[in-house]
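Notes for the one structure printed next.
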Amino acid sequence: MANITAQMVKDLRQETGAGVLDCKQALEIHGGDFEMAATWLREKGIAAAAKRSEREAREGIIGSYIHAGSKVAALVELNCETDFVARTPEFNELAHDLAMQVVAAKPLYLSPETVPAEALEERKAFFQAEIEQSGKTGQVAERIMAGKLQKFTEENCLLLQPYIKNPDLTVGELVKQKSSAFGENLVVRRFARLEVGES
């Protein structure tokens with residue numbers, strides 16, 4: 001059995017956001033293998049987050065970010081289950097970082113489910129014209145359309161965007177990780193982005 005040091009536990013905790021005891025247990029189960037322990041904790045966290053997602057999140061805060069020069073700003077409503085979590089510095093930092101994400105990445109929608117049908121149809125018509133112009137037909141054209149629509153939602157839906165502070169994570173994955181760390185259901189309810197001169 002590998003000797004599990006406090007530093008190993010600390011590193012794993014920093015990487016995954018999981019609790020100290022969970023990190024120690026993961027390292028013990030996987031014989032000190034950092035990557036396997038991290039994967040196991042993520043899978044465990046995602047399963048736990050899925051259970052938590054059924055619980056109601058009625059508390060929370062409005063996170064804000066105003067970019068240098070005061071020309072661009074964003075507000076994000078981030079909800080949790082208890083006022084206790086809503087008041088923690090970590091929760092406030094997450095709400096601030098999400099507002100910063102909105103300023104930097106300019107999402108139009110929260111998730112694929114919130115994209116209006118007419119906006120999606122308009123985008124499909126635009127892509128269809130592009131595909132026809134390229135001369136592609138049949139299954140190739142269908143695959144191109146599916147790829148373009150997927151890219152459109154990933155670029156324009158906040159929860160699918162790569163997180164600006166760690167592009168290996170989407171914003172949705174970040175929220176699930178934090179949900180696991182807080183032990184509560186976290187929900188990004190809505191956001192608004194303002195830019196001087198934009199209507």
Side-chain angles (χ1 to χ4, degrees), residues 11-18 23 34-50 52-53 57 60-69 71-80 85 88-116 119-120 122-124 126-127 130 143-182 184-195 198:
D11 291 345
L12 185 59
R13 186 163 197 266
Q14 202 164 11
E15 171 77 18
T16 62
C23 289
F34 187 87
E35 291 305 317
M36 286 177 69
T39 301
W40 183 78
L41 282 169
R42 281 192 197 98
E43 287 169 358
K44 184 179 170 190
I46 287 167
R52 278 192 294 277
S53 70
I61 60 168
I62 307 286
S64 63
Y65 174 75
I66 300 174
H67 194 61
K71 300 278 188 187
V72 190
L75 297 172
V76 174
E77 181 180 348
L78 180 63
N79 298 130
C80 57
V85 166
T88 62
E90 295 84 5
F91 188 82
N92 280 262
E93 184 183 349
L94 175 60
H96 175 266
D97 287 350
L98 291 172
M100 191 187 300
Q101 172 84 26
V102 170
V103 164
K106 302 180 182 179
L108 299 173
Y109 314 104
L110 183 61
S111 65
E113 298 77 33
T114 62
V115 179
L120 204 52
E122 190 179 299
R123 192 51 51 176
K124 277 183 184 174
F126 176 77
F127 292 149
E130 277 187 342
R143 277 200 304 276
I144 292 170
M145 176 65 85
K148 284 180 177 284
L149 286 172
Q150 182 176 346
K151 188 173 183 209
F152 170 75
T153 55
E154 286 172 0
E155 287 176 351
N156 292 288
C157 295
L158 175 63
L159 296 178
L160 297 183
Q161 290 180 332
Y163 177 45
I164 56 171
K165 287 189 171 183
N166 178 3
D168 294 336
L169 279 180
T170 66
V171 172
E173 289 167 342
L174 168 73
V175 172
K176 279 184 187 162
Q177 270 189 10
K178 296 295 185 179
S179 173
S180 183
F182 286 119
E184 288 197 9
N185 183 24
L186 302 187
V187 177
V188 181
R189 187 80 58 206
R190 56 192 165 158
F191 67 88
R193 184 180 186 278
L194 302 171
E195 187 163 354
E198 274 193 357

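Residue numbers start at 1 and run along the sequence shown. Remember, predicted model here, so these are calculated numbers, not experimental data.
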Please check: side-chain N/O of T39 versus main-chain N/O of E35, any donor-acceptor pairing under 3.5 Å?
yes
Full working for side chain to side chain contact (heavy atoms under 4.5 Å, CB included) between M100 and D97:
CA-CA 5 Å; M100 191 187 300; D97 287 350; 4.2 Å; yes
Quick check: closest heavy atoms across F191 and P107, and the distance to 0.1 Å?
CE1-O, 3.5 Å
Might you confirm whether atom CD of E130 has over 12 heavy atoms from other residues, nucleotides or ligands at distances under 6.0 Å?
yes
A105 backbone acceptor or donor facing Q161 side chain under 3.5 Å
yes
How long is the span from the CG atom in L98 to the OH atom in Y65, to the nearest 0.5 Å?
13.5 Å
C157 vs L110 side-chain heavy atoms within contact, under 4.5 Å:
no
Heavy-atom pair with the smallest gap, counting every atom of Q177 and L169
NE2-CD2, 3.6 Å
Report yes or no: does Q101 contribute a side-chain atom to a donor-acceptor pair with the main-chain N or O of P162 at less than 3.5 Å?
yes
Might you point out which heavy atoms bring L12 and C23 nearest each other, and give the distance in Å?
CD2-O, 3.6 Å
Test item: side-chain donor near acceptor, D168 and Y163, under 3.5 Å
no
So do the side chains of S111 and L159 get within less than 4.5 Å of each other, counting heavy atoms only?
yes
Point-to-point distance, once rounded to the nearest 0.5 Å, from CD1 of I144 to CG of L149:
12.0 Å
Taking side chain to side chain donor-acceptor pair (under 3.5 Å) as the test, write out the residues that go with E93, two or more places apart.
none
Is a donor on one side and an acceptor on the other found under 3.5 Å between the side chain of E155 and the backbone of F152?
no
Ignoring hydrogens, what is the shortest heavy-atom contact between F91 and L186? Give both atom names and the distance.
CE1-CD2, 3.7 Å
Side chains of F127 and K124: closer than 4.5 Å at any heavy-atom pair?
no
Residues L78, L94; criterion side chain to side chain contact (heavy atoms under 4.5 Å, CB included); working and verdict
CA-CA 9 Å; L78 180 63; L94 175 60; 3.7 Å; yes
Does E195 come within less than 4.0 Å of R193, counting only side-chain N to carboxylate O?
yes
Minimum heavy-atom distance A74-A99, with the two atoms named:
CB-O, 3.4 Å
Output for pair (I61 CD1, L75 CG), nearest 0.5 Å, gives 11.5 Å
Rounded to the nearest 0.5 Å, what separates atom OG1 in T153 from atom CG in L120?
8.5 Å
Could you measure the distance from the CG atom of N185 to the OG atom of S179? Nearest 0.5 Å is fine.
5.5 Å
Compare all side-chain heavy atoms of L158 with those of V188 and state whether any distance is below 4.5 angstrom.
yes
Salt-bridged, K178 to E90, with N to O below 4.0 Å?
no
CG of L160 to CD of E173, rounded to nearest 0.5 Å, is 9.5 Å
Verify whether one side chain among Q150 and E154 offers a donor that lies under 3.5 Å from an acceptor in the other.
yes
